[in-house]
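Below, chains carry the letters A, B, ... as their sequence lines are ordered, and counting in each starts from 1.
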There are 2 protein chains.
Amino acid sequence: MSDTHARATEAPRPASAEDVPYELIELLFFAYRDFVGDPDRILADYNFGRAHHRVLHFVQRRPGLTIAELLDILQITKQSLNRVLKELVETGFVESRMGTQDKRQRNLHATTAGRELAVRLAQLQAKRINAALAIVGPEAGEVVARYLAGLIDPAERRKVLGSLAGSD
Amino acid sequence: MSDTHARATEAPRPASAEDVPYELIELLFFAYRDFVGDPDRILADYNFGRAHHRVLHFVQRRPGLTIAELLDILQITKQSLNRVLKELVETGFVESRMGTQDKRQRNLHATTAGRELAVRLAQLQAKRINAALAIVGPEAGEVVARYLAGLIDPAERRKVLGSLAGSD
DNA sequence: TTTTTATGTCAGCCATGTTGACATATCTCA
DNA sequence: TGAGATATGTCAACATGGCTGACATAAAAA
């Protein structure tokens with residue numbers, strides 16, 4: 001892909017003038033748009049939005065998660081988190097228990113209802129993911145996972161991958 | 001991965017109870033989060049947000065795009081689009097010309113400044129994408145592209161893929 | 001005991017999505 | 001030609017989910 005079509009009279013390489021993978025950039029946009037679109041419709045029935053979904057998802061996947069850990073995952077402010085978390089607790093989808101070791105901390109858990117909703121949403125997304133996998137071939141899962149991991153900030157990557165493996 | 005560990009006494013399959021690819025679901029979240037994070041910092045210097053970026057990007061990639069086509073791509077309302085588009089036009093990054101065939105239409109074009117900004121942002125994202133590609137191996141690009149295409153709504157897919165090819 | 005840490009909360013702002021209503025110019029069709 | 005459909009623009013109001021800054025409390029740590 002580098003020197004395939006030598007351009008007439010040009011410098012060794014204009015840094016990265018035009019090896020921009022526009023196709024992947026746009027596919028990522030379209031794919032993500034539809035990927036998060038599925039749950040949105042269901043969440044609307046509960047008067048929840050995407051923010052609620054993200055919180056519920058990670059609480060369900062990482063039982064006992066603390067507020068600080070959740071903030072680190074979502075990379076939003078505690079005020080933003082609190083708004084949706086409070087609603088999830090008040091409506092009985094998430095439980096917030098005082099930490100046993102450190103009583104300042106809160107350990108978050110999905111309730112039965114929370115678990116059910118989270119799983120329902122995850123299955124919806126799974127359907128789409130597995131359909132895509134069926135098109136490309138199942139061996140693509142591994143490749144795509146490593147590719148997506150490669151898109152994560154290098155500084156974050158180790159931590160994220162560790163938390164993925166741990167909760168699996 | 002299907003029947004590897006046969007479960008003792010269970011029905012043929014509970015529909016899709018637990019073959020949920022949580023790893024991919026979460027990787028998609030983290031990857032997209034960081035992928036759109038890069039441009040955000042630059043856009044802030046221009047008092048632009050993500051919405052401006054998306055508009056500028058597609059206008060630059062599809063010169064002469066009409067309002068209706070852009071709305072179809074972004075899947076937002078014309079009021080939402082108009083707010084950011086107006087700003088892009090007023091600040092000289094996008095030009096809106098009356099259609100030649102159909103004078104009701106507007107054909108959108110990036111100005112020189114608009115093109116420069118769009119390319120700069122695309123190169124930033126390209127850096128990340130190419131870094132990920134370098135990790136997985138260049139042959140992954142093809143696989144990932146087909147996978148991401150598979151995530152797009154089937155009803156939309158043909159149209160989207162057509163527009164990608166056309167603008168390449 | 002003082003300080004730091006983990007969390008909660010109030011108040012207000014901003015960006016970007018939404019709906020609904022309505023205006024204008026232009027095109028199309030009977 | 002005249003009626004209706006179409007493409008766009010715009011006003012107003014509202015919802016969601018980010019943000020900053022300030023301040024409060026309880027518990028841990030120094």
May I ask you to decide whether [X] forms a salt bridge with [Y], counting only side-chain N to carboxylate O separations under 4.0 Å?
X: B/Glu26; Y: A/Arg62; answer: yes
X: A/Arg146; Y: A/Glu142; answer: yes
X: B/Asp153; Y: A/Arg33; answer: no
X: A/Lys127; Y: A/Asp38; answer: no

[Y] ring center within less than 6.0 Å of [X] ring center:
X: A/Phe93; Y: A/Tyr46; answer: yes
X: A/Tyr147; Y: B/Tyr147; answer: no
X: B/Phe29; Y: A/Phe58; answer: yes

Length of the line joining [X]:[atom1] and [N]:[atom2], which is rounded to integer Å:
X: B/His53; N: C/dT16; atom1: NE2; atom2: P; answer: 12 Å
X: A/Asn47; N: D/dC14; atom1: CG; atom2: C1'; answer: 14 Å
X: A/Arg33; N: C/dG17; atom1: CZ; atom2: P; answer: 13 Å
X: B/Leu56; N: C/dT16; atom1: CG; atom2: P; answer: 13 Å
X: B/Leu71; N: D/dA7; atom1: CG; atom2: P; answer: 11 Å
X: A/Leu85; N: C/dT7; atom1: CG; atom2: P; answer: 11 Å
X: A/Leu108; N: C/dT7; atom1: CG; atom2: C1'; answer: 11 Å
X: B/Leu81; N: D/dT8; atom1: CG; atom2: P; answer: 10 Å

Along DNA chain D (nearest heavy atom to each residue), the more 5'-positioned of A/Arg83 and B/Asn82: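 Result: B/Asn82.
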* If each of A/Val84 and B/Gln79 is mapped to the nucleotide of DNA chain D with the nearest heavy atom, which maps nearer the 5' terminus, i.e. the 5' end? ->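 Per heavy-atom nearest nucleotide, the more 5' residue is B/Gln79.
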Practice task
Taking all non-hydrogen atoms of both residues into account, name the closest pair between A/Leu88 and A/His52 and its distance.
Solution key: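 Heavy atoms of A/Leu88 and A/His52 come nearest at CD1-O, 3.7 Å.
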Is any side-chain N or O of [X] closer than 4.0 Å to OP1 or OP2 of [N]?
X: A/His52; N: D/dT16; answer: no
X: B/Ser80; N: C/dT18; answer: yes
X: B/Thr77; N: C/dG17; answer: no

Given protein heavy atoms under 4.0 Å, the one-letter contact record of nucleotides 23-30 of chain C, with B base, S sugar-phosphate only and - none, is simply --BBS---
Please classify the nucleic acid contact of B/Arg50 as base, sugar-phosphate, or nothing, using heavy-atom distances under 4.0 Å.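 Result for B/Arg50 = sugar-phosphate.
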*Under a 4.5 Å cut-off applied to non-hydrogen side-chain atoms, are B/Asn47 and B/Glu87 in contact?*
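No, too far: nothing below the 4.5 Å cut-off.
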Would you mind reporting whether B/Leu65 and B/His109 have side-chain heavy atoms less than 4.5 Å apart?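 They are not in contact (no side-chain heavy atoms under 4.5 Å apart), so the answer is no.
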Discussion item. If you assign A/Glu69 and B/Gly49 each to the DNA chain C nucleotide with the nearest heavy atom, which residue ends up on the more 5' nucleotide?
Written reply: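 Checking each residue's closest nucleotide, the 5'-ward one belongs to A/Glu69.
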*Where along residues 36-45 of chain B does a heavy atom fall under 4.0 Å from DNA chain C?*
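Listed by number, there are none.
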